[in-house]
Amino acid sequence: GQFVRAATRGDGSVGENVTANVLTISDVPRALAPEGLEQVENRGLEQHIEVRGEVYMPKDSFVRLNEDADAAGKQPFANPRNAAAGSLRQKDPKITAHRDLETFIYAVADQSTLAVHSQWEFLTWLRTCGFNVNSHARRCLSAQEVHDFCAKALEQRGDLNYDIDGVVVKVDS
């Protein structure tokens, strides 16, 4: 139940160890909350649980970062995504710590170790453990609800404090 390591996805086989930098992100739990541990099968963690998610830079943090770069006569970042990726790969975690990064966790490598039976239950479990899950996630019960949700999300994308390319839809099974 303890944080051990963080890595980038790299090329899909080999990633980069970014543990020291991820430890500077305030919304990353150092240990699973006890309520989350209770939901792990066999009431223990004989196996590692590998959660997957995204590190991002909120838009307001991006604006501040580029204002600071401009004031220092440095090249600004092109967009928040590049800024987040560059921040996560810094050699000095102190630099990463000042970049105000945040996370959304949304997947696990092997869900068979968890006592959950749907994606929605899994997202609930992640929240219970202390992970940051996108608060805009919704459980839709019909194709029309999915369509309506996606249309609304795309209409409101400019109001979010982070960039999106679109909406991810998962079957709740």
Distance from [X] atom [atom1] to [Y] atom [atom2], nearest 0.5 Å?
{"X": "Phe149", "Y": "Arg139", "atom1": "CZ", "atom2": "CZ", "result": "14.5 Å"}
{"X": "Asp172", "Y": "Leu123", "atom1": "CG", "atom2": "CG", "result": "8.5 Å"}
{"X": "Gln75", "Y": "Asp70", "atom1": "CD", "atom2": "CG", "result": "10.0 Å"}
{"X": "Asp60", "Y": "Asn161", "atom1": "CG", "atom2": "CG", "result": "4.0 Å"}
{"X": "Lys152", "Y": "Arg138", "atom1": "NZ", "atom2": "CZ", "result": "8.0 Å"}
{"X": "Leu88", "Y": "Ile25", "atom1": "CG", "atom2": "CD1", "result": "6.0 Å"}

Atom [atom1] of residue position [X] - does it have more than 12 heavy atoms of other residues, nucleotides or ligands inside 6.0 Å?
{"X": "Arg81", "atom1": "CZ", "value": "no"}
{"X": "Arg30", "atom1": "CZ", "value": "yes"}
{"X": "His136", "atom1": "NE2", "value": "yes"}

Looking at [X] and [Y], what are the two nearest heavy atoms and their distance?
{"X": "Thr24", "Y": "Pro93", "result": "CG2-O, 3.6 Å"}
{"X": "Ala83", "Y": "Leu65", "result": "CB-CD2, 3.9 Å"}
{"X": "Leu101", "Y": "Ser87", "result": "CD1-CB, 3.9 Å"}
{"X": "Thr96", "Y": "Gln90", "result": "OG1-CB, 3.5 Å"}
{"X": "Arg127", "Y": "Asn134", "result": "NH2-O, 3.6 Å"}
{"X": "Ala6", "Y": "Asn17", "result": "O-OD1, 3.5 Å"}

Do the side chains of [X] and [Y] join up, straight or via other hydrophobic residues, at under 4.5 Å, putting them in one cluster?
{"X": "Val133", "Y": "Val51", "value": "yes"}
{"X": "Phe131", "Y": "Trp120", "value": "yes"}
{"X": "Met57", "Y": "Val55", "value": "yes"}

Heavy-atom side-chain proximity of [X] to [Y] below 4.5 angstrom:
{"X": "Val108", "Y": "Trp125", "result": "no"}
{"X": "Phe62", "Y": "Asp100", "result": "no"}
{"X": "Lys170", "Y": "Tyr106", "result": "yes"}

*Phe104 vs Tyr56 aromatic rings, parallel, tilted or perpendicular, using cut-offs 30° and 60°?*
parallel
query: Looking only at atom types and distance, does a side-chain atom of Arg157 sit under 3.5 Å from a main-chain N or O of Ile164, one as donor and one as acceptor?
result: yes
| said: Using modelled atom types and a 3.5 Å cut-off, is there a donor and acceptor pairing between side-chain atoms of Lys59 and backbone atoms of Leu160? | reply: yes
Under 3.5 Å, is there a donor on one side chain and an acceptor on the other for Asn132 and Thr103?
no
Does either side chain, that of Ser61 or that of Arg64, offer a donor lying less than 3.5 Å from an acceptor on the other one?
yes
